[in-house]
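Read the structure below first, then the notes.
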Amino acid sequence: MRALDVKEGSSPIILGLPHTGTDVPADIWQRLNDNGKILADTDWHIHELYAGLLENATTVRATFHRYVIDANRDPAGVSLYPGQNTTALVPQTDFDGESIWNEGQEPTEDDIAYRLENFHAPYHAALATEIERVKSIHGIAILYDCHSIRSHIPFLFEGKLPDFNIGTDMGKTCDPAIEKIAVEVTAAAQGYDSILNGRFKGGWTTRHYGKPQSDVHAIQMELAQSTHLQTEHPPFAYDTGKAERLRAHLKTILTRMEKFALDTKR
């Protein structure tokens, strides 16, 4: 099973897609319970949502599901949000806190080590390679990490999640001008709400690669799935009308970030 899909582009923008994959090896699939097999915590259709928005953008997409291993978690297993409910490197539960594994077939330490080596590590090796390649061309690279989540998940957060959730680890992972672009565009998007560094401040990918002092910038965009899905429950169908309205704003964000990067090193 291929662990990832990489498309090299010539833009200074790299799109990271760690959670859109739905591939699960047969031996792991058999260990999932009926709840786990719904794959409810997928970032449904996010690769389709961003497709074609920015010509020549590089994309690095994990094709394996996050229940195999979460490509946006610290490989050492350190929590992104200490003291808050979240899911682990290899999740034991879904986002509602419900078990996803058959009893007695939960992943072992050996399972986690194998999945780190064969899924998590190759994804991040590819991402690191593309960041260095793009930086070698432009002198700068911007990693834009693409995510989505259901708008109501009481186990993880209270109330309704804003439509746009921008994460920069409190401004540490990118130039302020990059953060400002995302904030300005989302704030001006009629019919949507947004927040900067709210419940989602950027995952391990954003925090690990975002080194503005080295001309590598990272920002996470977590979209509420109500912005582009017909429903946030099975079959999680894509809503073309909703998506097209949303894509216009995402395209503006990416286009402006690309211009910033090109102007910075011109």
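Counting from 1, the numbers follow the sequence of the chain as shown. None of these values were measured; they are calculated from a predicted model.
Side-chain N or O atoms of Asn33 include one that pairs as donor or acceptor with a backbone N or O of Trp101 at under 3.5 Å. Within the 3.5 Å criterion, the main-chain N or O of Gly167 finds no donor-acceptor partner in the side chain of Asn197. Looking only at distances, no side-chain donor or acceptor of Arg61 sits under 3.5 Å from a matching main-chain atom of Leu4. Distance alone, capped at 3.5 Å, is enough to place a donor-acceptor pair between the Thr63 side chain and the Ala3 backbone. In this structure, Thr58 contributes its side chain and Gly9 its backbone to a donor-acceptor pair below 3.5 Å. At least one donor-acceptor pair under 3.5 Å links the side chain of Asn35 to the backbone N or O of Ser99. Thr227 contributes no side-chain N or O that, together with a main-chain N or O of Leu223, makes up a donor-acceptor pair within less than 3.5 Å. The backbone N or O of Leu156 sits less than 3.5 Å from a side-chain atom of Arg199, completing a donor-acceptor pair.
Note that CD of Glu8 and CZ of Arg133 are 4.0 Å apart. Values are rounded to the nearest 0.5 Å. To the nearest 0.5 Å, the span separating CG on Leu229 from CG on Leu49 amounts to 9.0 Å. A distance of 7.5 Å separates CZ in Phe236 from OG1 in Thr231, rounded to the nearest 0.5 Å. Atoms NE2 and CD1, from His233 and Ile38 in turn, are 12.0 Å apart once rounded to the nearest 0.5 Å.
No more than 12 heavy-atom neighbours from other residues, nucleotides or ligands sit within 6.0 angstrom of OH on Tyr114. Annotation: Gln190, atom CD; neighbour count of heavy atoms from other residues, nucleotides and ligands within 6.0 Å does not exceed 12. The neighbour count for Asp34 CG, taken as heavy atoms of other residues, nucleotides or ligands under 6.0 Å away, does not exceed 12. Annotation for Lys7: atom NZ does not count as buried by contact number, only 12 or fewer foreign heavy atoms lying within 6.0 Å. When the shell of 6.0 Å around NZ of Lys180 is examined, it contains 12 or fewer heavy atoms from other residues, nucleotides or ligands.
Here the two rings, on His124 and Trp204, have centers that are under 6.0 Å apart. Between Phe155 and Phe95, the ring centre distance reaches or exceeds 6.0 Å.
Ion pairing between Arg256 and Glu184 holds under the 4.0 Å rule for side-chain N and carboxylate O. Salt-bridge formation is not detected for the pair Arg245/Asp239: no Lys NZ or Arg NE/NH1/NH2 atom is positioned less than 4.0 Å from an Asp or Glu carboxylate oxygen. Ionic pairing of Lys135 and Glu132 is not present here: no N-O contact between side-chain nitrogen and carboxylate oxygen is shorter than 4.0 angstrom.
No option in Asn72, Asp41, Asp70 other than Asp70 meets the side chain to side chain donor-acceptor pair (under 3.5 Å) test with His19. Shown are Met257, His217, Gln213; of these, the side chain to side chain contact (heavy atoms under 4.5 Å, CB included) with Asp175 is made only by His217.
Put simply, Leu89 and Ile100 are part of the same group of oily side chains (I, L, V, M, F, W, Y) that touch within less than 4.5 Å, one to the next. Follow the hydrophobic side-chain contacts under 4.5 Å out from Ile13 and you reach Phe164 in the same cluster. Ile219 and Ile140 end up in the same hydrophobic cluster when Ile, Leu, Val, Met, Phe, Trp and Tyr side chains are linked at under 4.5 Å.
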Going through the distances and angles, do Ile166 and Thr186 end up as a side chain to side chain contact (heavy atoms under 4.5 Å, CB included)? CA-CA 9 Å; Ile166 304 159; Thr186 56; 3.6 Å; yes

Assess the residue pair Ile178 and Ile142 against the criterion (side chain to side chain contact (heavy atoms under 4.5 Å, CB included)); give the C-alpha distance rounded to whole Å, side-chain angles, the decisive distance to 0.1 Å, and a yes or no. CA-CA 9 Å; Ile178 295 171; Ile142 299 177; 3.7 Å; yes

Take Glu232 and Ser151 through the side chain to side chain contact (heavy atoms under 4.5 Å, CB included) test and state the conclusion after the steps. CA-CA 8 Å; Glu232 296 181 319; Ser151 58; 2.8 Å; yes

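In this structure the side chain of Glu130 reaches within 4.5 angstrom of the side chain of Val6, judged on heavy atoms.
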